[in-house]
Amino acid sequence: MTLLEILALLALGGIAGFINVLSAGGSMLTLPLLMFLGLPPQVANGTNRVAITLQSITAVGSFHRMGHGNLMVSLRLAVPAVLGSLLGAWVATWVPDAVFEVVLVSAMIGASVFMLLPQPNLDTRPLTVDRLTPAIYLAMFFVGMYGGFIQVGVGVLFIVVLYHMLKIDLRQVNVLKVSIVLPFTFAALVVFAINDQVRWGVGLTLAAGNVTGAFIATHVNMSKQGARWVKAITLAMVAAILVRLIFY
């Protein structure tokens, strides 16, 4: 890696880690970056999981020290998500590059459209084990399967399932999200590593940025105006990346 490539990985990794914890969409920045740096799509997909795993460890640890978290609920939701992730990652290891790139562009467009939609104000309440239905477990399996396959936009799916289906507030969503993303991303990373689709040096460099961004995000109490700015900047960067992916 050149010095410029290392700086790009650290900078964009920091931004992505911050975004991933407080909202969604960080992998829409990091996965294309890895591809732009010359990694084949499947290798970029696997390498990105190094940063996501370490970022999630940082976020979960920080939330736990601050007294946030719901261990029993997280563990129950993580089981189907991990099973789905193993299946999704296995499919991703052999899918053709051209197909993966089409899925990547489609996922980025779909996630961007969802981020532009206004989120309704729901009557939210704390999440307890007794509120977990078979439909929620099934939804977690498919979220995990999607996350195992590509990761891009998986935070959006968590918002759909946890905020819209379970009606928990966005702080609870963020805490549960990272608690579930950690085990299912690690499971996917193992699959990619076994298939030699991880470049550890690149992944750990990106992870250094992600971890820093995630740590800062867990200590930020962002206003609604600040959240809108983060979303706008993210979408602007994603739009530029989409132009690069589609037309070059």
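Predicted model only: the values in this text are computed from it and were never measured.
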Please report, to 0.1 Å, the donor-acceptor pairs under 3.5 Å made by any side chain of residues 32-43, with sequence neighbours excluded.
unit_1, atom_1, unit_2, atom_2, d
Gln42, NE2, Val95, O, 2.2
Gln42, NE2, Asp97, OD1, 3.2

Only pairs under 3.5 Å count here: list side-chain donor-acceptor contacts from residues 50-59, not counting sequence neighbours, and write none if there are none.
unit_1, atom_1, unit_2, atom_2, d
Thr53, OG1, Arg49, O, 2.7
Gln55, OE1, Asn20, ND2, 3.1
Gln55, OE1, Asn210, ND2, 2.8
Ser56, OG, Ile52, O, 2.7
Thr58, OG1, Leu54, O, 3.1

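Residues Val154 and Gly147 come closest through the heavy atom pair CG2-CA, 4.0 Å. Minimum heavy-atom separation, Asn45 to Ala92: ND2-CB, 3.8 Å.
Within the structure, no pair that satisfies the ring pair (Phe, Tyr, Trp, His ring centres under 6.0 Å) test touches residues 37-62, not counting sequence neighbours. Residue pairs meeting the salt bridge (charged side-chain N to carboxylate O under 4.0 Å, His left out) criterion with at least one member in residues 145-157, sequence neighbours excluded, do not occur.
Taking Asn195 as the reference, nothing meets the side-chain hydrogen bond (donor to acceptor under 3.5 Å, both in side chains) condition, with sequence neighbours excluded. Applying the side-chain hydrogen bond (donor to acceptor under 3.5 Å, both in side chains) rule to Gln197 yields no partners; only residues at least two apart in sequence or on another chain are considered. Among residues two or more places apart in sequence or in another chain, the side chain to side chain contact (heavy atoms under 4.5 Å, CB included) test is passed with Ala193 by Val198, Trp200. Residues passing the side-chain hydrogen bond (donor to acceptor under 3.5 Å, both in side chains) test with Ser27 are Asn48, sequence neighbours excluded. The side chain to side chain contact (heavy atoms under 4.5 Å, CB included) check on Thr205 picks up Met1, Ile6, Leu9, Leu10, with sequence neighbours excluded. Ser106 pairs by the side chain to side chain contact (heavy atoms under 4.5 Å, CB included) definition with Val102, not counting sequence neighbours.
Taken to the nearest 0.5 Å, the CG atom of Leu182 stands 10.5 Å off from the OG atom of Ser74. Interatomic distance, CG of Leu206 versus CZ of Arg199, reported as 15.0 Å (0.5 Å rounding). Put simply, CZ on Phe100 and OG1 on Thr93 are 11.5 Å apart, with the number rounded to the nearest 0.5 Å.
Counting Ile, Leu, Val, Met, Phe, Trp and Tyr side chains that sit under 4.5 Å apart, directly or through other members, Phe186 shares a hydrophobic cluster with Val190, Ile194. Members clustered with Leu3: Leu7, by chain and number, using a 4.5 Å side-chain heavy-atom cutoff among hydrophobic residues.
Exactly one of Val82, Leu83, Leu189, Leu86 qualifies for a side-chain contact (heavy atoms from CB on, under 4.5 Å) with Phe184. That residue is Val82.
A side-chain donor-acceptor contact under 3.5 Å links Tyr146 to the backbone of Val152.
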